[in-house]
A.B. asks: 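One structure follows; several queries about it will come next.
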2 protein chains.
Amino acid sequence: MGLTPDDVARLDDIVKRKCPLHRGEYLFQEGEPFRALYVVKSGSVKSYARNADGEVRVLGFHLPGELIGLDGIEHNTHACSAKVLETSAICEIPYAHLQTLSAAIPSLQQQMYRLLSKEINRDNEMLFLLTNKNADERLATFLINLSGRLRKRGLCATDFYLSMPRHDIASYLNLSAETVSRRFTHFQKAGLLDISGKHVQRLDIPALEGMLAVGMTVTINKG
Amino acid sequence: MGLTPDDVARLDDIVKRKCPLHRGEYLFQEGEPFRALYVVKSGSVKSYARNADGEVRVLGFHLPGELIGLDGIEHNTHACSAKVLETSAICEIPYAHLQTLSAAIPSLQQQMYRLLSKEINRDNEMLFLLTNKNADERLATFLINLSGRLRKRGLCATDFYLSMPRHDIASYLNLSAETVSRRFTHFQKAGLLDISGKHVQRLDIPALEGMLAVGMTVTINKG
DNA sequence: CGCGGAATTGATGTGCATCAACTCGGGTGG
DNA sequence: CCACCCGAGTTGATGCACATCAATTCCGCG
């Protein structure tokens, strides 16, 4: 990414390894002062926010290699909570140090801008998924996306463990837990996967992608 | 924001004023190489993206003082299009210059991080609005938000002109144009505003805010 | 082995999309 | 200056995808 080995070493110096966190423990909670960004080294994390009524919205699931906490920069306060879903190893990157370092290393600054922009684009895609796709398409997209991220990390893309409960998947996809359950069994009957509790096996990615294929709906729509 | 007068002058040096753009003209289009960010000086702009099927989603409306184009940083390509809704004055900030300058001026870098983070938080709020609120609440939120942004710029918060067609409001709020129309007339009958075409008058902000008041629904929901 | 939350499965309800018809308004040309 | 025209907006009727409510059943854990 344009960082020299020396740059990497300097970045590495400011990163703190936290001792392993267990299911239910927090990286941070909504409203706490923002001090650091976090990177998942192993395990998985969910982030979520709640509105004035106390309703919870799962905003994302974070796998190894992914960065958490960028939303805290705006107000120096965490805008969401991050809770580990299973025993996880986490690294902490103190934000003050990162700021200093990124001012000194142009390519690190550039990388930070890119990561922030990526988060914006991810959010826009999510918005699109939740507002323009039906339950089957949302669930299929979720599975394909998860599968792809696991593969990138060298893990099996077709057989994996869902560390989050149905309720969280439902919240993330803006569906009811019942609908998620129903669509999973529907996928199973259609031979798209074998699911048993939290275990997914024999995920048929091409078939799932086929579900998302450009509908024959030729919508002409001028901007 | 921590910028010295000298810093401001240096930032000002890199900003280019574009000659006024007219309704329907583009600041940039999806897929074009990313070269600059844009600030609205007067008028209004909409940004939108379209998916593989060609469906259009309005992502935002931009009023004077607001920054456009941050989504282009990730891939050096604009991820959405920006089109002016009425004759508008726009400033262009070449990104390469901004990068150099922000590396040299720590408070500018900090400001950039904040702006990017703000965009992430705005997206998350939007996600929440579109997935957890009904048509009336979405429209009320839209009006309150618009009103507040106009007030900030010294304009009238209760009487204003909607530069975007119903169809765009509908797309932005993930409703059909018919529903937007129906809810507007509903608001009118309820005495929340007078609307005639694109003209909004006598907007009753406290009443609209009342609609959004924490529902008596005491939802206890553990994260 | 038995408890309690998670997950599944079924029955019913509803908010908004969609389809369809009509009206309004403002821009243009005669 | 007015008549026409066409897209934008409104209004009404119908349908449906998913939420919600309500039972079970499953499964992890003490």
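Throughout, a chain's letter reflects where its sequence line sits, starting with A, and its residues are numbered from 1.
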A.B. asks: Tell me, which pairs form a ring-ring contact (aromatic ring centres under 6.0 Å, His included) where one or both residues lie in residues 117-138 of chain B, sequence neighbours left out?
C.D. replies: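 Residue pairs passing ring-ring contact (aromatic ring centres under 6.0 Å, His included), neighbours aside: none found.
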A.B. asks: Using a strict 4.0 Å threshold on nitrogen-to-oxygen distance, state whether A:Asp71 and B:Arg114 make a salt bridge.
C.D. replies: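 Answer for the salt bridge query: no.
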A.B. asks: Taking NE2 from A:His22 and P from D:dC29, how many angstroms apart are they, rounded to a whole number?
C.D. replies: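 From A:His22 NE2 to D:dC29 P: 14 Å.
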A.B. asks: Using the C1' atoms of five pairs at each end, what's the angle between the two axes of the helix from C:dC1-D:dG30 to C:dG30-D:dC1, to 10 degrees?
C.D. replies: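 Both end axes considered, the difference amounts to 40°.
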A.B. asks: At a heavy-atom distance below 4.0 Å, which nucleotide of DNA chain C is the first touched by chain A, and which is the last?
C.D. replies: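 Answer, 5' to 3': C:dA7 to C:dA11.
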A.B. asks: Between C1' on D:dG28 and CD on A:Glu86, what's the gap in Å once rounded to a whole number?
C.D. replies: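 About 16 Å, once rounded to whole Å.
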A.B. asks: Please state whether the phosphate of D:dA8, meaning OP1 or OP2, lies under 4.0 angstrom from any side-chain nitrogen or oxygen of B:Lys198.
C.D. replies: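 Result: no.
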A.B. asks: Going by ring-ring contact (aromatic ring centres under 6.0 Å, His included), name the residues that satisfy it together with B:Phe28, two or more places apart in sequence or in a different chain.
C.D. replies: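 Checked B:Phe28 against ring-ring contact (aromatic ring centres under 6.0 Å, His included); matches are B:Tyr38, B:His78.
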A.B. asks: Is the cationic atom of B:Lys189 (NZ for Lys, CZ for Arg) positioned less than 6.0 Å from the six-membered ring centroid of B:Phe187 and within 45 degrees of its normal?
C.D. replies: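 Verdict for B:Phe187: no cation-pi partner in B:Lys189.
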A.B. asks: If you measure from the Lys or Arg side-chain nitrogens to the Asp or Glu carboxylate oxygens, is any gap between B:Arg149 and B:Glu66 under 4.0 Å?
C.D. replies: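 Looking at B:Glu66 together with B:Arg149, the answer is yes, because their closest N to O distance falls below 4.0 Å.
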A.B. asks: Using atom CZ of B:Phe187 as one end and atom C1' of D:dT10 as the other, report the distance to the nearest whole Å.
C.D. replies: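 Spelled out: CZ on B:Phe187 to C1' on D:dT10 is 16 Å.
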A.B. asks: Is the distance between the ring centroids of A:Tyr172 and A:Tyr48 under 6.0 Å?
C.D. replies: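 Aromatic pair excluded; centres sit 6.0 Å or further apart.
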A.B. asks: Without decimals, in angstroms, what is the distance between B:Met164 CE and D:dA8 C1'?
C.D. replies: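 It works out to 15 Å between those atoms.
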A.B. asks: Just call it for B:Lys133: base, sugar-phosphate, or nothing, with non-hydrogen atoms closer than 4.0 Å on any strand.
C.D. replies: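 Here B:Lys133 touches no strand at all.
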A.B. asks: So that I can tick it off, tell me whether B:Arg166 and B:Glu178 are bridged by a salt bridge, with the cut-off set at under 4.0 angstrom between side-chain N and carboxylate O.
C.D. replies: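 Salt bridge between B:Glu178 and B:Arg166, a charged N being under 4.0 Å from a carboxylate O: no.
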A.B. asks: Quick check on B:Lys198: does its NZ atom have over 12 non-hydrogen neighbours (other residues, nucleotides or ligands) under 6.0 Å away?
C.D. replies: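 Enclosed: over 12 neighbouring heavy atoms sit under 6.0 Å from NZ of B:Lys198.
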A.B. asks: Which ones in residues 135-147 of chain A lie close to DNA chain C, meaning a heavy atom under 4.0 Å from one of its atoms?
C.D. replies: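 Within residues 135-147 of chain A, no residue comes under 4.0 Å of DNA chain C.
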A.B. asks: Give me the residues of residues 174-183 of chain A where at least one heavy atom lies under 4.0 Å from an atom of DNA chain C, by number, or none.
C.D. replies: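 Contacting residues: A:Glu178, A:Ser181, A:Arg182.
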A.B. asks: D:dC26 C1' sits how many Å from A:Gln188 CD, rounded?
C.D. replies: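 Rounded to whole Å, this separation is 15 Å.
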A.B. asks: Answer yes when B:Arg23 and B:Glu86 have at least one side-chain N-carboxylate O distance shorter than 4.0 Å, and no when they do not.
C.D. replies: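 The answer is no: the pair does not qualify as a salt bridge.
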A.B. asks: Provide, to the nearest angstrom, the distance between the CZ atom belonging to B:Arg23 and the P atom belonging to D:dG7.
C.D. replies: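 Taking atom P of D:dG7 as the reference, CZ of B:Arg23 is at 15 Å.
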A.B. asks: Please round to the nearest 0.5 Å and tell me the distance separating atom CG of B:Asp168 and atom NZ of B:Lys83.
C.D. replies: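 The NZ atom of B:Lys83 is 8.5 Å from CG of B:Asp168, to the nearest 0.5 Å.
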A.B. asks: Under 4.0 Å between a Lys/Arg side-chain N and an Asp/Glu carboxylate O for A:Arg202 and A:Asp159?
C.D. replies: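 No.
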A.B. asks: Regarding A:Glu119 and A:Arg122, does a basic nitrogen lie under 4.0 Å from an acidic carboxylate oxygen?
C.D. replies: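 Salt bridge between A:Glu119 and A:Arg122, a charged N being under 4.0 Å from a carboxylate O: yes.
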A.B. asks: Could you check whether B:Ser47 and B:His62, counting side-chain N and O atoms only, form a donor-acceptor pair closer than 3.5 Å?
C.D. replies: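 Yes, side-chain donor-acceptor contact under 3.5 Å.
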